[in-house]
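I have placed the structure first, in the form of structure tokens, so that the comments after it can refer back to it.
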2 protein chains.
Amino acid sequence: MKQNNPSTEQGSDRREIRMLSEYKHPYVTVDLLLFSVIDGQLAINLTVRDEEPFKDMYALPGSFIRENESAEGAVERLLSDKLELSGQIYTEQLMTFSDVNRDPRERVISIAYIGIIPDKAMVNVPWMKWFTIQSSNVGSYKLCQVDGDESFICTCLGFDHDKMLEIAIDRLRGKIDYTDIIFKFLKDSKQFTAGTLREIYQSVTGQEINRGNFTKYQMNTYMEHGLIKKTGSISIGRGRPADTYSYIGGDRLWIKY
Amino acid sequence: MKQNNPSTEQGSDRREIRMLSEYKHPYVTVDLLLFSVIDGQLAINLTVRDEEPFKDMYALPGSFIRENESAEGAVERLLSDKLELSGQIYTEQLMTFSDVNRDPRERVISIAYIGIIPDKAMVNVPWMKWFTIQSSNVGSYKLCQVDGDESFICTCLGFDHDKMLEIAIDRLRGKIDYTDIIFKFLKDSKQFTAGTLREIYQSVTGQEINRGNFTKYQMNTYMEHGLIKKTGSISIGRGRPADTYSYIGGDRLWIKY
DNA sequence: CCAAAAGTGTTAAAAGTACACCCATGG
DNA sequence: CCATGGGTGTACTTTTAACACTTTTGG
């Protein structure tokens, strides 16, 4: 019979802790989906697995969460230790994957994070490889290795990392219109042109956007929201010099309209 | 010195598992933000804590994840055991909170979930209480207990549940325009009017929307996306009978435009 | 002088907004 | 017969989209 006193019910909190101490707790890891734009294409950084399970398949880099660090802390450690990336890297949580058998060895719950860097060359370790992402059908992607001796094509990742990738790409595409993530792809956020930004936009969304309209409206919107300002200076190239802009918005979010 | 062979590096996966077995693993819980609309206001279901930490404060219901269940499974169990809700309840993952000291007792990582039910009366246990949400400033909410003898006002929840609530409300408001979550609030999704749906819309977003336009455009958009259809029948009330609609879209997502 | 790259302008269609008008029902 | 709730129409503004035109540079 159910007790009417909330006290008794709430006591189950502590009881459950004692009880579950005898259970085996799950491992908790973070997995990182590190993106960049390479030659006008969205790309993801992967590592090859050298042992079972999923031996010889590519997968996302990951790391266990230590006793005294948060998931964000684990991602930072992963970035500096496994990818040897120093300095501030943009990351945001994607979502958590907890299927009981997602790792055949042990029960592992993984918190997936998205990361963005402006240049593939920042990752400078031999065990990480870049793959450009070609979206074919809905929810289906073809990965082509960059800098490979031959064009290695990878269609299936280890664990549930395919699903993670799919969700991450949707997230990037969804957020590019009303957040400032686009600026995280910029090699020089203090001096860039509308053309540069447009290329990134097209790489991420996978669809073309009219040049003139992008310059007029998109850049204007960014300015109205105080994210960028014209540095007035001009750049060099083949044709007419382009206006240059500087990214000044901290990491503030701006909701459209 | 860094090894050039990815194999050696990858081996750390297994090494780390062995190593971490000696660590204490974190507890992993799910916390549920169960929403409903009560008298034209968005409301959240909370429980009072009867012991430290955060004794006498209100907090979200939660549960530990068991060895052989996913986070979604834990949420289902939480819904049926602690809230005594049977049948299919709409839930979606919000995000995971992993600050080292978010629970002063133990290291607990929590995966927060949003849930939506159409009627407060579905929760029928004495330890759960409904609070309407009045958004005052940005990121600040006042909670007013429903059915309380006196109007109890709660401004601060236990643990990091305030932050969870804030993020959850933002999520609801953001998604109401391009997903079908609005229909999860409907008491009868097979027979409802534009007015009913408009009331929910206003309750969730906290802002008024023109009646005529809602009927014309919003309902039309839903129909174009195959989410609802006119049942042709009319309903009863004071004024002119209203067209009734039926929700037919599974749980498909529709991106605007 | 011409091709290339980039800024700016023009126009039409689509979407959003405000508000008015008419319809059907219950008291 | 009138207040009330609900459908529908209209006019206006804003946004989006397509494309043309002009400016500036390098070869």
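So that the names make sense, note that chain A is the first sequence line, chain B the second, and so on, each numbered from 1. Only a predicted model underlies this, so the values are computations on that prediction, with no experimental measurement involved.
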Inset, instruction - If the plane angle is over 60° it's perpendicular, under 30° parallel, otherwise tilted; pick one for B:Tyr58 and B:Phe131. - result: perpendicular
Legend entry - Atom-to-atom span, CZ of B:Arg211 to P of C:dA20 - whole angstrom: 13 Å
Legend entry - Sugar-phosphate only, base, or nothing, as touched by A:Gly212 at under 4.0 Å among non-hydrogen atoms: base
Inset, instruction - Give a yes or no on whether a salt bridge exists between A:Asp147 and A:Lys120, defined as a side-chain N under 4.0 angstrom from a carboxylate O. - result: yes
Inset, instruction - In whole angstrom, give the distance that lies between atom CG of A:Asn220 and atom P of D:dT15. - result: 11 Å
Legend entry - DNA chain D: 5'-proximal contact among B:Arg198 and B:Lys216 (nearest heavy atom): B:Arg198
Inset, instruction - Scan side-chain atoms only and decide if A:Thr96 and B:Thr96 contain a donor-acceptor pair under the 3.5 Å cut-off. - result: yes
Legend entry - Separation of C:dA6 P from A:Asn210 CG (nearest whole Å): 13 Å
Inset, instruction - Can you tell me the distance, in whole Å, between the CZ atom of A:Phe214 and the P atom of C:dG9? - result: 19 Å
Legend entry - Shortest non-hydrogen separation from B:Leu33 to B:Leu165 and the atoms involved: CD2-CA, 3.6 Å
Legend entry - Minimum-distance nucleotide to A:Asp243 side chain [options: C:dG7, C:dG26, D:dC19]: C:dG7
Legend entry - Given C:dT8, C:dT25, C:dA18, the nucleotide with the shortest approach to the side chain of A:Lys230: C:dT8
Legend entry - Nucleotide D:dT16, atom P - distance to OH of A:Tyr201 in whole Å: 10 Å
Inset, instruction - May I have the distance from B:Tyr245 (atom OH) to D:dG6 (atom C1'), rounded to whole angstrom? - result: 10 Å
Legend entry - Residues in side chain to side chain donor-acceptor pair (under 3.5 Å) contact with A:Arg102, at least two apart in sequence or another chain: A:Asp160
Legend entry - Distance, rounded to the nearest Å, where B:Leu197 contributes CG and D:dG5 contributes C1': 17 Å
Inset, instruction - Kindly point out which of C:dG9, C:dC19, C:dG7 is positioned nearest to the side chain of A:Asn213? - result: C:dG9
Legend entry - C:dA6 phosphate, OP1 or OP2, under 4.0 Å from A:Thr215 side-chain N/O: no
Inset, instruction - Kindly calculate the angle separating the two end axes of the helix from C:dC1-D:dG27 to C:dG27-D:dC1, each obtained from five base pairs, and round it to 10 degrees. - result: 10°
Legend entry - Selected nucleotide, minimal atom distance to B:Tyr217 side chain, candidates C:dG16, C:dC19, C:dA6: C:dG16
Inset, instruction - Mark yes or no for whether B:Ser98, through its side chain, and A:Ala71, through its backbone, hold a donor-acceptor pair below 3.5 Å. - result: yes
Inset, instruction - Please determine, for the side chain of B:Ala242, which listed nucleotide (C:dA24, C:dA18, D:dG6) has the closest atom? - result: D:dG6
Legend entry - Geometric class of the A:Phe214/A:Tyr222 ring pair [parallel <30°, tilted 30-60°, perpendicular >60°]: perpendicular
Inset, instruction - Return the value, rounded to whole Å, for the distance between atom CZ of A:Arg238 and atom P of D:dT24. - result: 17 Å
Inset, instruction - Could you check A:Arg240 against A:Ile209 and say which one's nearest nucleotide on DNA chain D is further toward the 5' end? - result: A:Ile209
